[in-house]
Amino acid sequence: MRRRSVLIAVPAGLATLAACGDEGSDSGTASSSASPSASDTSAAPPPKIVDGPLPAITAGTKFDEKPTVAKGSGEPSDQLAVKTVIAGGGTTVAENDYIQANYLGQVWATAKVFDNSYDRGTPLLIQLAAGSIIDGWRYALAGKKAGSRIEMAVPPTWGYGTQGNEQAGIKGTDTLVFVVDIQAAFNSKASAKGTDVAQDNVDLPKVGTNTDGKAPAITVPKTDPPKDLVANYVIEGDGPEVAAESTVLVQYQGVLWDTGKEFDSSYSRDALTSFSLQQVVPGWAQGLTGKKVGSRVLIVIPPALGYGDQPPEGSGIAKDSTLVFSVDILAKM
């Protein structure tokens, strides 16, 4: 069994695609309550991917522009209808990758929009993995490229199942139509992208600047640790700044100041990590707030902003340890 991250202060996870709005709104806030459980999504066999039918996109036809989609005509397919409306040239999406995307979802039979990210002004950041997202998305988006607009019609079997989603006004017999603009895709080898920043303080750890998907080396000096939080750029990206309430997608490695021994790493698990900054130790939240997406950041966390005298059981972290992290900020939501 793979080790879980010790960073999380409370159980964390990305908002699932079941981010459905109130009945009178097409831009509701995120909610995970309607997401199919892992057992529901794994019960159905893979669908056959077919070309249609799919309703026309009548307005908002450019990439990343909020679309208007016509009502479905006639009976939808009982399989998964998928169309690449705009072909992108970016990274190819694979199952278990994370994607950042804007999307709109509506009911085939009525054209009622039950959710969209365009009005929220915040794209979805989610993993294409069983139990994280409805199966229709997993099967429809695998193999597509970032920069693409994909339209799909998802039958209940690969959507919300026979239970539907009462909160969103989705019945157990409803086929759902989605338009998805894939802004970016991230796999387990993703790294920071930016400009190297001088690391000239001899009293602070040095972090490698490789961007090949391998863990950067962290060299801790044989000096006393700083008493205050340190959060310095190693590589400075040019993306948007992380806010205190952001959810971030990261690669990271953590070592102990006293020994230099690694105690946690997304690289070791060969899996990216995503969490809300409101769900992690204070040193992480404070250290990443204000930093730019695309950056690699050195964070040195004193005990008072880490685990203090209550480190996670089995973590290898002693009481009152100073923690050293290298963090690549890949995306935010």
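Because the structure is predicted, anything quoted here is derived from the model rather than measured.
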Could you verify whether a donor N or O on one side chain and an acceptor N or O on the other, from [X] and [Y], lie under 3.5 Å apart?
X: Ser266; Y: Gln251; result: yes
X: Asp174; Y: Tyr160; result: no
X: Ser274; Y: Gln127; result: no

Min side-chain heavy-atom separation [X]-[Y] under 4.5 Å:
X: Lys71; Y: Val177; result: no
X: Ser326; Y: Leu298; result: no
X: Lys144; Y: Val180; result: no
X: Val324; Y: Val255; result: yes
X: Gln100; Y: Leu249; result: no
X: Thr209; Y: Gln199; result: yes
X: Pro205; Y: Thr219; result: no
X: Ile134; Y: Phe178; result: yes

Are [Y] and [X] co-members of a hydrophobic cluster defined by side-chain heavy atoms under 4.5 Å apart?
X: Val327; Y: Phe263; answer: yes
X: Leu323; Y: Ile329; answer: yes
X: Leu288; Y: Leu204; answer: no
X: Val297; Y: Val300; answer: no
X: Phe275; Y: Val293; answer: yes

Quick one: do [X] and [Y] make a salt bridge, cutoff under 4.0 Å?
X: Lys189; Y: Asp270; answer: yes
X: Arg269; Y: Asp264; answer: yes
X: Asp78; Y: Lys48; answer: no

* Chi angles and distances behind the side-chain contact (heavy atoms from CB on, under 4.5 Å) call for Val242, Val248 -> CA-CA 8 Å; Val242 173; Val248 292; 3.8 Å; yes

Which atom names give the shortest non-hydrogen contact between [X] and [Y], and what distance separates them?
X: Leu277; Y: Ala243; result: CD1-O, 3.5 Å
X: Glu95; Y: Leu128; result: CG-O, 3.4 Å
X: Pro53; Y: Glu75; result: CG-O, 3.8 Å
X: Pro155; Y: Ala153; result: CD-O, 3.5 Å
X: Glu65; Y: Arg149; result: O-NH2, 2.5 Å
X: Leu229; Y: Gly287; result: CD2-N, 3.9 Å

Distance in Å, [X] [atom1] paired with [Y] [atom2], rounded so as to fall on 0.5 Å steps:
X: Lys292; Y: Asp238; atom1: NZ; atom2: CG; result: 7.5 Å
X: Gln253; Y: Ser268; atom1: CD; atom2: OG; result: 7.0 Å
X: Trp158; Y: Thr175; atom1: CH2; atom2: OG1; result: 10.0 Å
X: Leu124; Y: Tyr103; atom1: CG; atom2: OH; result: 5.5 Å
X: Ser191; Y: Leu330; atom1: OG; atom2: CG; result: 7.5 Å
X: Leu305; Y: Ile299; atom1: CG; atom2: CD1; result: 11.0 Å

* To do: Take Asn102 and Gln183 through the side-chain contact (heavy atoms from CB on, under 4.5 Å) test and state the conclusion after the steps.
  => CA-CA 7 Å; Asn102 272 317; Gln183 296 179 339; 3.2 Å; yes

With a 3.5 Å distance limit and no angle check, can you tell me whether [X] reaches the backbone of [Y] through a side-chain donor-acceptor pair?
X: Ser77; Y: Gln79; value: yes
X: Trp257; Y: Asp224; value: no
X: Ser295; Y: Glu236; value: no
X: Asp328; Y: Ala192; value: yes

* Asked: Is NZ or CZ of Lys214 both nearer than 6.0 Å to the six-membered ring centre of Tyr267 and within 45° of the ring axis?
  -> no

* To do: Could you please spell out the steps behind the side-chain contact (heavy atoms from CB on, under 4.5 Å) verdict for Arg138 and Ile133?
  => CA-CA 7 Å; Arg138 289 175 50 221; Ile133 198 166; 3.5 Å; yes

* Asked: Does the pair Arg120 and Asp115 meet the rule for a side-chain contact (heavy atoms from CB on, under 4.5 Å), with working shown?
  -> CA-CA 10 Å; Arg120 287 193 292 272; Asp115 191 21; 2.8 Å; yes

Is it true that, when you exclude [X] itself, more than 12 heavy atoms of the residues, nucleotides or ligands shown sit nearer than 6.0 Å to its [atom1]?
X: Lys206; atom1: NZ; answer: yes
X: Asp212; atom1: CG; answer: yes
X: Asp309; atom1: CG; answer: yes

